[in-house]
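Notes for the one structure printed next.
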Amino acid sequence: MADPGLVGGSPPVTPSIPSPSPVPSPSTPAGIFDAALSAPSELFRGSREILQDSYVPSRLPHREHQIRQVAEVLAPSLRGEVPSNLLIYGKIGTGKTAVVSQVRSELLRRPEARGRINFITFNCANVDTPYSLLQTIGNNFATKESDRIPTGWSLDRVQASMRDLIDGRTGTLILVLDEIDRLVKKSGDGVLYTLSQINSELEKGRVVLVGISNDLKFTEGLDARVRSRLHEEKILFPPYDAPQLQDILRDRAKEVFRDGVVEPGVIERCAAYAALENGDARRAISLLRLAAETAERERAKRITPDHVVKAKNRYDLDVVVECVRSLPPHCKILLYAILQGYERRRGGVLTGEVYEGYTKLSQKLALPPLHPRSISNYVIELESLGLIQANVVSRGRGGRTREIFVEVPVSETMRALEDDELLKVLARPRLLSQTLLTNFDNPNRTGPSYG
DNA sequence: CATCCACAGGAACTTGGGGGCA
DNA sequence: TGCCCCCAAGTTCCTGTGGATG
């Protein structure tokens, strides 16, 4: 089985996929993809992968300085010395992961790195418990099946086994922990303490930690020893501004689109939308991709600024629907109760009302309702996902509570919930919301405006 | 200015599931 | 097979909060 969240290191073993039968099944309308595949794309020249999040371009505009900084920190590993631990901060889509990935490639390309440097990258959103982290690190070094660390051992045993496996190889292990703040938030700093002091227990191997975080303040709650070890070096990635985002988009566009298909104003509009949202380059690139796909579906010969506007509306709604679908069952019921209350009151709903609504819905669905404490946690989770805004308000003798506002289009979100197997019995006929496109396309919108 | 209300939210605990080991 | 481990989800218990009220 492939290690979850492992981005670098040994390639995961993938099961062989049987080749598809060339004969279409009788129930499949033959040739439904023929039209889409036969004609070459009029817009795309290069692989569409160039516009995916996972693609790391050969050039990272406006990140030359950061690349140099990361390289300088890690360079001692090429001389057989132990580099300092490194923390990289910056908001989403500021190029942190891409820069580390590029430095990694350059580093491993050097002849001095051969047999001397191992580079493993984890995303702590997937590997977020001490056990799974130590297990995955150890298993990355296991050369035979019997060396692998299974699930079910005590944490001490996993730790000792991982240490032995790392020490089985000479050289430096550069351990990149992407979204390290999520690991700390979920499991505390114990495992970081273990990793940050592991070098004192190793004879041959050496470990260097490179933490990547979106949260500039995540080290505030750390144990002082862990903080000082992690903070040996730190690099801040500032958000991109609109002209910088335009440069990034032009680079990608040149690579992926045919000449002259991108109309003036397209790049500028994608960059402007993304610049408004924390200078997120990923978002800018996704918008460009969606705009191109929209143009392609319309069989347009060129991508226009209008396609960007359509793409932006689609992007926002897709994100919401996908997010809603991935919620746990009780969280979906809670969100439905919030939406109902919000629609009824045409404004903020209080925790007590929401809990009452949630309890009624649960009973309707023949599910035992959760305790208010658990619901309180779900409210926090929904807020962190950006679906609602929950402000703590004190109402005097009315007590202290949270006033909850909905941050997504009510009708569309309810419909997404009603599509769910669990909640479909709640579905009712409703009018199509006219608010969606106008609300989503107003970047200057302040505060809750749906409902 | 003490009291009150209706929670907020931290911490410890319980439960149940997936897995290893002797 | 029984006992151990980890982990996620949920519960219980508790203290804290802050503005209206008397």
Side-chain angles (χ1 to χ4, degrees), chain A residues 1-6 122-139 142 144-165 179 181-195 217-218 220-223 326-335 337-338 341-342 345 347-359 361-363 365-385 388-405 422:
Chain A
M1 196 187 80
D3 294 320
L6 191 66
F122 294 100
N123 190 315
C124 298
N126 305 320
V127 185
D128 58 1
T129 63
Y131 194 101
S132 61
L133 182 63
L134 299 179
Q135 179 191 34
T136 315
I137 295 169
N139 285 345
K144 50 183 191 285
E145 199 55 36
S146 59
D147 284 345
R148 290 181 70 83
I149 302 170
T151 306
W153 284 2
S154 73
L155 196 56
D156 286 347
R157 190 174 172 190
V158 173
Q159 194 175 314
S161 185
M162 176 211 66
R163 201 172 46 225
D164 292 345
L165 284 163
E179 299 192 55
D181 47 305
R182 293 178 75 154
L183 175 71
V184 173
K185 201 172 172 187
K186 186 165 174 210
S187 304
D189 58 6
V191 70
L192 289 183
Y193 178 73
T194 303
L195 290 171
K217 292 181 183 165
F218 98 94
E220 281 178 6
L222 292 181
D223 180 289
S326 67
L327 295 173
H330 283 283
C331 204
K332 284 179 183 161
I333 301 171
L334 170 67
L335 179 59
I338 292 171
Y342 193 76
R345 283 190 57 149
V349 271
L350 306 179
T351 308
E353 300 164 359
V354 166
Y355 187 71
E356 202 180 310
Y358 157 79
T359 310
L361 286 175
S362 296
Q363 283 161 355
L365 297 167
L367 282 172
L370 296 183
H371 195 270
R373 183 68 188 84
S374 303
I375 291 305
S376 174
N377 282 343
Y378 275 142
V379 169
I380 294 168
E381 193 176 327
L382 289 175
E383 188 177 27
S384 72
L385 289 169
I388 60 170
Q389 190 187 318
N391 304 324
V392 177
V393 289
S394 192
R395 302 158 63 88
R397 287 234 161 146
R400 198 164 166 258
T401 183
R402 274 190 294 204
E403 195 176 14
I404 301 170
F405 294 92
L422 175 75

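Each chain gets a letter, A, B and so on, in the order the sequences are listed, and its residues count up from 1.
Of all nucleotides in DNA chain B having an atom under 4.0 Å from a heavy atom of chain A, the first and last in 5' to 3' order are B:dT3 to B:dC21.
Using a 4.5 Å heavy-atom threshold, the side chains of A:Leu165 and A:Ile149 count as touching. Within the 4.5 Å cutoff, the side chain of A:Thr129 has no heavy atoms near those of the A:Val191 side chain. At least one side-chain heavy atom of A:Ser376 sits under 4.5 Å from a side-chain heavy atom of A:Arg402. Looking only at side-chain heavy atoms (C-beta outward), A:Ile388 and A:Leu335 come within less than 4.5 Å of each other. When side chains are defined from C-beta on, A:Leu370 counts as touching A:Tyr358, because their heavy atoms get closer than 4.5 Å.
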When you compare the protein's N or O atoms with those of nucleotides 7-9 of chain C, which come within less than 3.5 Å of each other, and at what distance?
{"from": "C:dC7", "atom 1": "OP1", "to": "A:Thr129", "atom 2": "OG1", "distance (Å)": "2.7"}
{"from": "C:dC7", "atom 1": "OP1", "to": "A:Tyr131", "atom 2": "N", "distance (Å)": "3.0"}
{"from": "C:dA8", "atom 1": "OP1", "to": "A:Lys186", "atom 2": "NZ", "distance (Å)": "2.5"}
{"from": "C:dA8", "atom 1": "OP2", "to": "A:Lys186", "atom 2": "NZ", "distance (Å)": "3.3"}

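Taking for each of A:Pro150 and A:Ile380 the nucleotide of DNA chain B with the nearest heavy atom, the 5'-most of the two is the partner of A:Ile380. Comparing A:Gly396 and A:Arg402 against DNA chain B, the residue whose closest nucleotide sits nearer the 5' end is A:Gly396.
No donor-acceptor pair closer than 3.5 Å links the side chain of A:Ser161 to the backbone N or O of A:Arg157.
Between A:Glu353 and A:Arg345 there is a salt bridge, since at least one side-chain N of the basic residue sits less than 4.0 Å from a carboxylate O of the acidic one.
Remark: C1' of C:dG18 and CZ of A:Arg400 are 7 Å apart, rounded to the nearest angstrom. Nucleotide C:dC14 holds its C1' atom 12 Å from the NE2 atom of A:His371, rounded to whole Å. Whole-Å rounding puts the A:Arg397 CZ to C:dG19 C1' distance at 11 Å.
The base of C:dG18 is paired with the side chain of A:Ser394 by a donor and an acceptor separated by under 3.5 Å.
Looking only at atom types and distance, the side chain of A:Asn123 has a donor-acceptor partner in the side chain of A:Glu179 under 3.5 Å away.
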